[in-house]
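The block underneath contains the structure these notes are about, expressed in structure tokens.
Naming convention: chains lettered A, B, ... in sequence-line order (proteins, then strands); numbering from 1 in each chain.
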Amino acid sequence: MIDAFMVIAYVMVIGIAIGAVAALLQKDLLRAAFLSGAESIALAFLFQALLAPDLGLTQAIVATVLMPGIIIIGIFKTRRHEEE
Amino acid sequence: MIELNLQFLSFMAAAVLVVIGLGGMLFLDNLIKKIIAFTLLSDGVNLALVTLGYVEGGIVSILEPGTSGAAFPTNAVLIFGPGIVLTNIVIGVSTTAVLVAVTMVLYQRYGTLKASKVLKGERK
Amino acid sequence: MNESISNLWSIPLFIIIPILAAILLNVLYSRKRAISVTAVVSSLALIVVSVLSPFGFHWFTGQPAVLPTGGYTYRADLLGWNLALEYYYGPLQQIAIFLASVLLLFVVLIAINSLKKNTGTYISLLFLTFMSAAIVIMVNDFYHLWIGVEIGSLIVAGVVLATGEAVSQKAALKYTFFSALSGAGLAIALALILGVTGYANISDAIIAMPLNDASLASVLYVAFGFTVLSWIYAGGLAPIHPLKADVYGSAFPHATILLQTQSKLMLVAIGLVILRLFGTLPFAKEVMLSVSVLTMMIGVVMAMLQTDFRWTLAYLIVSHSGLVTLGISLGTVQGIIGGLFQAVNDVVYMSVLLLACEGIYYFGRGTSIKTVSGIAKRAPWLAVAAIIGAFAASGVPPFNGFQSEIILIQASLNYGMPELAIVVLMVSVTTFIALFKGIYNIFLRPDDAPQAGEKQGMPVPRMLYVCLAALIFITILFGVYPQLAINFLNEAALKVVYIPWVP
């Protein structure tokens, strides 16, 4: 018997793997930053499923605002697309 | 056969993150990509640490007024994972900030983000 | 020498004073006068506290850990594990922190005189460097050890960036990238030890260590490996020495004094922790010994090849870290005393050489042995100081390097490995050659006549000579009366070998 909560957790595990690979395959750095942020948010849900709600909250804040924000500042100050 | 429970799957996800992060940091040429790979690596380590402390069918390790003191130590998830990870998240953010700052300075100097061009170099 | 089981007033001050000074200096930003008063007063306060403080413990969670007799004084049975976050201030910590704070004072004095802008930010970073070193040398729990190493490596990147040269920016980038790896490794090692033993406190963990449980042996090996990785990283040892050598070589020479002090203290502290926790594992000492031999050999060979005096010193610092490592990883009382004494001496004589290097930088507007020459005529005292530093570094009798190297040689002979003694001798001879290659070219080679007029250097702050004189005094003092320093180190070495669970 599988409850809905566990299904979400399994989806998040798969989402993390896909998000990590997809983020590094992008040529557009801005898109890569957003994809890595999405991966981190999936991680926050997984923390919730692993019975660590305090970490889930911290990770959600860091993943949505801080990490992509810092990287996006860096991208705007440098260049958006990867050079050939 | 290995049981496909949540703990095992989380370990697999952590392993995927660590491998992808390490590979990205070593083999990708773009500095911003290297930084993103570093965030993936630190996420992977955090996930591994949280998963180490997970107890199947356990309870959250926060002592609420209703919880009985006797059953708590055996049922609660181990606290060391969360204790370290909370600090590790903060350290990850500050390391990322330092890396992005150095990358910006190096971009102003060399006009490129390619690590092979930036780090190639004249050592006195 | 009376250890009181009580919360010591002085230990938090070693962390609070630098942090407050750093915040204040950052706010002051570029008001020269206020900055110099704040910085000098704070570093003097640190020296005074380190001299006056008694020996004892401080617990951040209010729980004493293991008593010296081996019993527990407190045990949090409610949660099933004990979180005694503990600092210890003993004789080893006293001499280490005293020397570090004296060097901090000197570095601050020189930095105020030499830097033109952003002085406040830079000096606040220097204070934080001192703080991370003090945390790591005093700590007796994994949690603060890990945080100290992490903070330390981030601050090193900031100090290196302050020169604004391309080399230092690259060095900072590489160093920070690797700090990610070693920090993650140390976190995993910490989690594994916590999982195996249940204690964050090192004393508790040693007592609860399941060394005879075969099923947990692989976990212990993984933890050992990750701890050694972070040890190598924090101390700048062999396989990844280029990272640390780049950092030493590309920072300002006076900043390198604090950076090398920090990494020596981290080397000693993490090395002793590894010895206490994993010393009984098979192969542990062999791994550490091979790392140290590799570091010494590679360091001196690379130092011989450099054509810039700064980089020669950078690689020599790396190779002399190998000497410290050798003493600690022998694991005998004599060896550990030799290693700790070598760390103390190393910090002092390398500071002499680095300050001389700073003086050369002012006089010749550079430190490359190809472009700078004939400085002895213009600055005879600088030449004398550099030669004294070189003698001390290569182990010539009246200076302090000799005393610790002779202990290291005796310790490796008594351990039954004379080949290690030969390596130590080789290091000191090669150090002599590498240093005198630089010193001859910079000081004694006649200056090219037409360039002499246009190459007028910057004025040298008089403070530099005062600091050099003080450091040379310490060099000769420890060389003539080695017992002055060894008395402080005996207790730590005896404890590590015979009662490793006591900090």
Show your working on side-chain contact (heavy atoms from CB on, under 4.5 Å) between Phe11(B) and Leu52(B) and close with a plain yes or no. CA-CA 8 Å; Phe11(B) 262 128; Leu52(B) 272 177; 3.9 Å; yes
Strictly less than 4.5 Å between heavy atoms, which residues of residues 18-26 of chain B line up against chain A? Please order them by number. Ile20(B), Gly24(B)
Heavy-atom contacts under 4.5 Å, residues 88-95 of chain B to chain A: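 From residues 88-95 of chain B, the residues near chain A are Ile89(B), Gly92(B), Val93(B).
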Tell me whether the count of non-hydrogen atoms from other residues, nucleotides or ligands lying under 6.0 Å of [atom1] in [X] goes above 12.
{"X": "Phe34(A)", "atom1": "CZ", "answer": "no"}
{"X": "Tyr54(B)", "atom1": "OH", "answer": "yes"}
{"X": "Arg31(A)", "atom1": "CZ", "answer": "no"}

Taking every non-hydrogen atom, the tightest pair across [X] and [Y]:
{"X": "Ile36(B)", "Y": "Ser36(A)", "result": "CG2-CB, 3.7 Å"}
{"X": "Ala13(B)", "Y": "Val13(A)", "result": "CB-CG1, 3.9 Å"}
{"X": "Ile72(A)", "Y": "Ala33(A)", "result": "CG1-CB, 4.3 Å"}
{"X": "Gly74(A)", "Y": "Thr78(A)", "result": "O-OG1, 2.8 Å"}
{"X": "Pro68(A)", "Y": "Gly37(A)", "result": "CG-CA, 4.2 Å"}

Please classify the contact between Leu17(B) and chain A as side chain, backbone, both or neither, with a heavy-atom cut-off of under 4.5 Å.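 For Leu17(B), the side chain is the part near chain A, not the backbone.
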Contacting moiety of [X], where chain B heavy atoms sit under 4.5 Å:
{"X": "Leu50(A)", "value": "both"}
{"X": "Ala49(A)", "value": "both"}
{"X": "Leu24(A)", "value": "both"}
{"X": "Ala20(A)", "value": "both"}

Would you confirm whether Gln7(B), through its side chain, and Thr51(B), through its main-chain N or O, come within 3.5 Å as a donor-acceptor pair? yes
Among the options [options], pick out the one with the most heavy-atom pairs lying under 4.5 Å from chain A.
{"options": "Thr103(B), Val16(B), Leu47(B)", "result": "Leu47(B)"}
{"options": "Val100(B), Thr112(B), Leu113(B), Thr96(B)", "result": "Leu113(B)"}
{"options": "Gln108(B), Lys114(B), Met12(B)", "result": "Lys114(B)"}

With respect to chain B, which residue among Ile75(A), Ile16(A), Leu43(A) yields the maximal number of heavy-atom pairs within a distance under 4.5 Å?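 Ranked by heavy-atom pairs under 4.5 Å with chain B, first place is Leu43(A).
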Which residues share a salt bridge (Lys or Arg N to Asp or Glu O under 4.0 Å) with Asp54(A), sequence neighbours left out: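 Residues passing salt bridge (Lys or Arg N to Asp or Glu O under 4.0 Å) with Asp54(A): none at all.
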Distance (rounded to the nearest 0.5 Å) between Ile18(A) CD1 and Glu39(A) CD: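 Rounded to the nearest 0.5 Å, the CD1-CD separation comes out at 12.0 Å.
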Give me each pair satisfying side-chain hydrogen bond (donor to acceptor under 3.5 Å, both in side chains) with a member in residues 11-39 of chain B, each pair once, sequence neighbours excluded. Glu82(A)-Lys33(B), Asp29(B)-Ser116(B)
Going through the checks in order, is the side-chain contact (heavy atoms from CB on, under 4.5 Å) test met by Asn46(B) and Phe47(A)? CA-CA 10 Å; Asn46(B) 290 347; Phe47(A) 281 163; 4.0 Å; yes
